[in-house]
Amino acid sequence: MNAAGSDPLSVTEALFFDREGAPEPARVRRLLVDTLGPLDDGELFLEYRESEAIVLDDQRIRSAAFDTLLGFGLRGVAGEATGYAHAGEVSEAALARAAETVRAVQAGHSGEADVAPRATNRRLYSPDNPLDGMDFAAKTALLSSIDAYARGRDARVRQVSATLSGEWQAVRIIRADGAVRADLRPLVRLNVAVVVERDGRRESGSFGSGGRFAYGAVVDDAAWRAAVDEALRQALVNLEAVDAPAGELDVVLGPGWPGILLHEAIGHGLEGDFIRKGTSAFAGLVGRRIASPGVSVVDDGTLADRRGSLTVDDEGTPTGRTVLIEDGILKGFMHDRLSARQLRVAPTGNGRRQSYAHVPMPRMTNTIMLAGTEPPEALLSGIGRGLFAKNFGGGQVDITSGRFVFSASEAYLIENGRLGAPVKGAMLIGDGPTALTRITGVASDLMLDPGIGTCGKNSQGVPVGVGQPSLRIGGLTVGGTALG
């Protein structure tokens, strides 16, 4: 569906109510008044989504998928209790069945309905559907060009994988008081992975980029060639890598994507549901020092075209720039409407859900450590033996305690204040609250990630962004295969 230049309210009106079998808007309003009116909060969340993914591997198109999704989720909140029902159709019968389920939380409840989120005229990204802007033949030709370019760059290339994916999501959020919020959300991504071989040894590198814009930003010749060059560079670096040291070392993290460690090990503990339940290591610490001086962290959903940005969250609240940590002092948390009401603070626009089939909860958008004042190269000074982690691969985190294990996909030894040989197999081990207090240097080179993040929580995945400057952490445990 082409939404070029269209208003989100009019587009979603047509999508959900001008189709065969759709319910009458007036009858939907009456159902919401009857079902949600006696409760503290709730909404009808309507969603339409188109998505596609085309995968090239070993010089062939291995898969090409296209999917459409249509459905609703109806939520009612009474105190601590939540009733939720959803269906993969938008019809009066399905809504009536959902309302019967949600009404179960009404029993014996008396409360005052929460006020609707404020409206906004802000647009952070184009409403256009990126899937309409490039035909299938052009997409497959692009992936073939990526393969040929990578193989032509270096004779050691043995395998090339590339994936082009995109989606267009239309959401409409309706409350019992008649408030309506809508959003049209594009999202695209290009990923490239390269495997190289020398003397029987194989290593890989990868790079991806994306955001809330049309395909042109990632399929432009300069953009996809840069992605291939970066994936190949990483693979060739890993081909020269030696075994990583093990032990307690000073660690310097590079700018940009390494902010994923901040997101996972610290960010989740600053989400309002963990604070409300008292399970976060940061609960009850507002106004107290939890990080080294010079450490400031924000969650900002208002950055134009970024993967984690939203004009409004999935409850209809406009996103914002929430200061979490300022110069080492804990200032606040990220909230959806439920945690905000129970903690008696304002919602921050962080109520997010994977789809209509999922209940919203507090989630990060773009979580960023702000720049410091030190030159990046100064962070290496004084480190006799340490580790520089430039890029991260996978990891595991206990999101309540912040305990983490992250693998570095590109890392280097630091020897006598200078970068040494690349290493492989480096694992960073620690916990977020402790790591915050061991930051001994924050550089001035703030970067955002290239637009590839997806965050998992309670079996829900949502697109997110991260960012940070280079920073130095003292005495972090490094797991590796070489002793020393």
Side-chain angles (χ1 to χ4, degrees), residues 1 3 6 8-51 65-78 81-107 109 113-114 116-117 129 167-185 310 312-317 336-338 351-361 363 458-462:
M1 175 171 292
S6 299
L9 285 172
S10 61
V11 170
T12 56
E13 176 85 16
L15 274 171
F16 300 117
F17 299 117
D18 291 347
R19 60 172 62 234
E20 185 176 353
E24 290 288 334
R27 294 175 69 88
V28 172
R29 172 72 190 282
R30 172 49 55 189
L31 180 143
L32 293 181
V33 169
D34 292 345
T35 306
L36 305 182
L39 303 180
D40 295 328
D41 205 2
E43 73 285 313
L44 175 64
F45 178 85
L46 299 157
E47 178 185 14
Y48 174 84
R49 188 193 310 237
E50 296 179 0
S51 61
F66 177 81
D67 188 34
T68 61
L69 173 152
L70 173 70
F72 72 86
L74 179 64
R75 181 179 64 149
V77 180
T82 297
Y84 196 74
H86 62 86
E89 62 175 279
V90 180
S91 67
E92 190 168 323
L95 284 164
R97 290 192 296 268
E100 286 300 314
T101 300
V102 171
R103 287 192 187 105
V105 300
Q106 287 186 16
H109 180 77
D114 208 350
N129 186 342
E167 69 175 50
W168 183 73
Q169 180 194 33
V171 302
R172 187 177 180 92
I173 302 155
I174 310 174
R175 293 174 51 83
D177 59 10
V180 179
R181 306 289 181 260
D183 200 15
L184 306 175
R185 303 167 176 171
L310 295 170
V312 295
D313 71 4
D314 294 325
E315 298 176 307
T317 305
D336 63 356
R337 290 175 61 85
L338 177 61
R352 306 189 63 188
R353 62 183 103 199
Q354 179 175 310
S355 75
Y356 71 84
H358 301 83
V359 67
M361 67 182 79
R363 303 296 298 272
N458 293 353
S459 300
Q460 292 193 41
V462 296

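Throughout, numbering of the chain's residues begins at 1 and tracks the sequence. Computation of the quantities below employed the complete heavy-atom set of this structure, encompassing side-chain atoms and omitting hydrogens, waters and symmetry-equivalent molecules.
Under the side-chain contact (heavy atoms from CB on, under 4.5 Å) rule, S355 has a single partner from Q169, E47, Q460, which is E47.
Taken to the nearest 0.5 Å, the CG atom of D177 stands 10.0 Å off from the CG atom of L32. For the atom pair OG1 of T12 and CG of L46, the computed distance is 8.0 Å after rounding to the nearest 0.5 Å. Going from atom OH of Y356 over to atom OH of Y84 covers 9.5 Å, rounded to the nearest 0.5 Å. With values rounded to the nearest 0.5 angstrom, E167 atom CD is found 9.5 Å from L69 atom CG. The structure places OG1 of T35 at 9.0 Å from CG of L95, a figure rounded to the nearest 0.5 Å. Put simply, CD on E43 and CZ on R337 are 7.5 Å apart, with the number rounded to the nearest 0.5 Å.
V11 is listed as a side-chain neighbour of L184, based on a closest heavy-atom distance under 4.5 Å. A 4.5 Å side-chain heavy-atom check between H358 and S459 finds every atom pair outside the cut-off. Counting only heavy atoms from C-beta outward, the side chains of V90 and L70 approach each other to under 4.5 Å.
Across every non-hydrogen atom of I173 and G316, the tightest pair is CD1-N, 3.4 Å. Across every non-hydrogen atom of L74 and L31, the tightest pair is CD2-CD2, 4.5 Å. Contact detail for L36 and R75: the closest heavy-atom pair is CD2-O, 3.3 Å. Here the closest non-hydrogen pair linking V105 and G76 is CG2-O, 4.0 Å. Across V180 and L9, no two heavy atoms sit closer than the pair CG1-CD2, 3.7 Å. Between G73 and H86, the shortest heavy-atom contact is CA-CB, 4.0 Å.
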Next on the checklist: Before you tell me yes or no, could you show the steps for F66 and E50 under side-chain contact (heavy atoms from CB on, under 4.5 Å), namely the whole-Å CA-CA distance, both residues' side-chain angles and the distance that decides it to 0.1 Å?
Outcome noted: CA-CA 7 Å; F66 177 81; E50 296 179 0; 4.2 Å; yes

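Judged purely by atom type and a 3.5 angstrom limit, R353 uses its side chain to pair as donor or acceptor with the backbone of D314. R29 contributes a side-chain N or O that, together with a main-chain N or O of A176, makes up a donor-acceptor pair within less than 3.5 Å. Side-chain atoms of D313 come within 3.5 Å of backbone N or O of G351 as a donor-acceptor pair. Of the possible donor and acceptor atoms, one in the side chain of R19 sits under 3.5 Å from a partner among the backbone N and O of L15. The backbone N or O of P117 lies less than 3.5 Å from a partner atom in the side chain of R181, making a donor-acceptor pair.
A salt bridge does not link E100 with R97: none of the charged nitrogens is closer than 4.0 Å to a carboxylate oxygen. Here D41 pairs with R175 in a salt bridge; the nearest charged N to carboxylate O distance falls below 4.0 Å.
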